[in-house]
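Presented below is the structure to which this report refers.
Since this is a predicted model, take the numbers as computed values, not measurements.
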Amino acid sequence: MLEHLTTETRNKKTMNLDELTPLELLEVMNEEDHKVAQAVKQEIPQIAKAVEVITMAIKQGGRLIYMGAGTSGRIGLLDAVECPPTFGTTPEEVIGLIAGGERAFIKAVEGAEDNEQLGVQDLQDIKLTAKDVVVGIAASGRTPYVIGGLEYANSIGTPTVAVSCNKDSAIGKIARIAIEVVNGPEVLTGSTRLKAGSSQKLICNMLSTASMIGTGKVYGNLMVDVQLTNEKLVERAKRIVMDATDCDAETAESVLKQADQKPKIAIVMILAGLTKEEAVQRLEESHGFVRQAIQ
């Protein structure tokens with residue numbers, strides 16, 4: 001069955017991979033990588049549908065839940081853990097599930113991806129509801145762990161999205177929205193951590209970033225909900241406030257302190273001439289959107 005999958009077929013351009021010089025090999029890899037963004041572009045209409053569903057779910061108090069095995073699971077988990085520092089979300093708002101649990105992020109757990117019931121159990125353990133969205137990621141499009149999870153999600157009315165790298169995939173037929181990117185055969189046959197993994201990362205970037213923008217986490221192109229967890233981010237927050245308001249560094253630092261180190265509140269305080277309490281109230285009334293809060 002694997003021989004019929006695009007991700008498992010041999011690449012005619014790399015049949016002599018072991019005979020190439022390092023320079024020649026890297027040039028071939030780079031040429032193949034150039035195809036990834038174009039392949040993802042073909043699926044933008046489907047990605048947009050998924051973003052609309054995710055955005056609506058988050059606005060209604062639901063969660064974005066990625067699930068996958070191996071490389072696919074790690075990519076989903078990576079995107080999930082980046083959301084709190086970038087967008088000020090809680091760890092519970094965007095969740096990454098990987099077959100075999102968190103220990104599988106570092107070392108593969110034998111047989112975990114072949115267990116449909118494990119996918120069901122992982123979703124039950126986080127108390128999945130119809131308010132959430134489940135995004136199943138599988139390069140092959142046929143991973144049992146993901147299939148089990150998507151089928152369970154469907155059974156309780158949870159919106160589902162499939163991200164695969166083969167057309168007419170098994171998970172694509174199960175999910176409400178199917179994102180199926182065809183990157184062509186891998187440079188190294190079947191090594192889906194390469195082009196398939198790159199395309200999955202691009203898609204996760206789009207899903208989370210566009211959804212967060214749709215819920216008011218961004219003003220212009222600034223990360224106004226960034227969490228100040230280290231010195232670099234403290235300086236970035238100051239720069240964000242300066243860029244958004246055209247104030248000087250001293251003012252940005254001072255107002256940030258008044259705003260409990262929350263750039264979004266500081267920006268509204270400066271642009272609308274409000275106290276911290278007034279800015280917080282204005283943001284609540286505008287559902288977190290800075291642009292509406294300052295009007």
Side-chain angles (χ1 to χ4, degrees), residues 37 40-41 44 47-48 50-64 66 75-96 133 201-295:
V40 171
K41 183 178 180 179
I44 285 180
I47 299 170
V51 167
E52 290 172 1
V53 171
I54 295 166
T55 302
M56 183 63 68
I58 294 173
K59 284 182 175 180
Q60 296 176 347
R63 301 167 294 176
L64 166 58
Y66 294 116
I75 288 171
L77 192 55
L78 178 63
D79 198 66
V81 300
E82 291 288 355
C83 285
T86 305
F87 300 111
T89 59
T90 67
E92 292 75 34
E93 288 180 77
V94 184
I95 297 173
V133 178
K201 182 64 172 70
L202 291 176
I203 292 167
C204 286
N205 286 349
M206 289 177 164
L207 293 178
S208 59
T209 304
S211 299
M212 293 299 162
I213 291 171
T215 56
K217 298 291 187 180
V218 172
Y219 175 52
N221 61 355
L222 299 172
M223 297 187 295
V224 293
D225 269 327
V226 64
Q227 292 184 349
L228 282 58
T229 55
N230 57 47
E231 289 185 14
K232 178 191 74 175
L233 293 178
V234 168
E235 288 303 310
R236 178 177 293 168
K238 191 190 303 181
R239 174 55 60 184
I240 286 170
V241 173
M242 292 168 64
D243 287 343
T245 67
D246 288 329
C247 73
D248 57 31
E250 186 177 349
T251 300
E253 186 173 0
S254 173
V255 179
L256 268 171
K257 287 180 180 177
Q258 296 174 49
D260 297 329
Q261 303 298 334
K262 297 184 185 301
K264 178 183 282 186
I265 296 174
I267 290 166
V268 175
M269 288 172 65
I270 294 171
L271 291 180
L274 302 175
T275 65
K276 175 195 166 187
E277 291 72 21
E278 290 170 336
V280 169
Q281 183 178 349
R282 191 77 70 85
L283 282 165
E284 288 176 354
E285 292 170 352
S286 67
H287 305 289
F289 287 86
V290 170
R291 200 172 296 278
Q292 285 89 319
I294 62 177
Q295 290 176 346

| Check against side-chain contact (heavy atoms from CB on, under 4.5 Å), I47 and V40 | CA-CA 9 Å; I47 299 170; V40 171; 4.0 Å; yes
| said: Tell me if a side-chain donor or acceptor on K264 pairs with a main-chain N or O of G216 at a distance below 3.5 Å. | reply: yes
| E93 bridged to R63 by N-O distance under 4.0 Å | no
| query | How close do A210 and V51 get, heavy atom to heavy atom, and via which atoms? | reply | CB-CG1, 3.7 Å
Side-chain donor-acceptor contacts of residues 268-281 below 3.5 Å, not counting sequence neighbours, with atom names and distances?
{"from": "T275", "atom 1": "OG1", "to": "E278", "atom 2": "N", "distance (Å)": "3.2"}
{"from": "T275", "atom 1": "OG1", "to": "E278", "atom 2": "OE1", "distance (Å)": "3.3"}
{"from": "K276", "atom 1": "NZ", "to": "D260", "atom 2": "OD2", "distance (Å)": "2.4"}
{"from": "E278", "atom 1": "OE1", "to": "T275", "atom 2": "N", "distance (Å)": "2.9"}
{"from": "Q281", "atom 1": "NE2", "to": "E285", "atom 2": "OE2", "distance (Å)": "3.2"}

| message | Once rounded to the nearest 0.5 Å, what's the spacing between atom OH of Y219 and atom CD of Q292? | response | 10.5 Å
| message | Under the criterion side-chain contact (heavy atoms from CB on, under 4.5 Å), I'd like the reasoning laid out for I240 against R236: C-alpha separation, chi angles, the key distance, then a yes or no. | response | CA-CA 6 Å; I240 286 170; R236 178 177 293 168; 3.9 Å; yes
| task | Supply the atom-to-atom distance L77 CG to I95 CD1, rounded to the nearest 0.5 angstrom. | result | 10.5 Å
| query | In this structure, which one of V218, T89, I54 forms a side-chain contact (heavy atoms from CB on, under 4.5 Å) with M212? | reply | T89
| request: Just do the side-chain contact (heavy atoms from CB on, under 4.5 Å) check on T245 and V255 with the steps written out, would you? | output: CA-CA 11 Å; T245 67; V255 179; over 6 Å; no
| note | Heavy-atom nearest pair, V226 first then A237, reads CG1-CB, 4.5 Å
| field | Crowding at CE, M242 (>12 non-hydrogen neighbours, <6.0 Å) | value | yes
| query | Between L233 and T229, which heavy-atom pair has the shortest distance, and what is it? | reply | CD1-OG1, 3.3 Å
| At what distance, to the nearest 0.5 angstrom, does CD of Q258 lie from CD1 of I265? | 11.5 Å
| message | Side chains of D225 and P263, heavy atoms from C-beta outward: is any pair under 4.5 Å? | response | no
| said: How long is the straight-line distance from CG of L207 back to OH of Y66, given to the nearest 0.5 Å? | reply: 5.0 Å
| query | Which residue pairs pass the side chain to side chain donor-acceptor pair (under 3.5 Å) test with at least one member in residues 201-211, sequence neighbours excluded? | reply | D79-S208, K201-N205
| field | Approximate separation, where rounding is to 0.5 Å, of S286 OG and R291 CZ | value | 12.0 Å
| Distance (rounded to the nearest 0.5 Å) between D248 CG and T251 OG1 | 3.5 Å
| message | Under a 3.5 Å distance rule, please check whether S254 uses its side chain to pair with a backbone N or O of E250 as donor and acceptor. | response | no
| message | Would you say that more than 12 heavy atoms from the other residues, nucleotides or ligands in this model lie under 6.0 Å from the NZ of K262, or not? | response | no
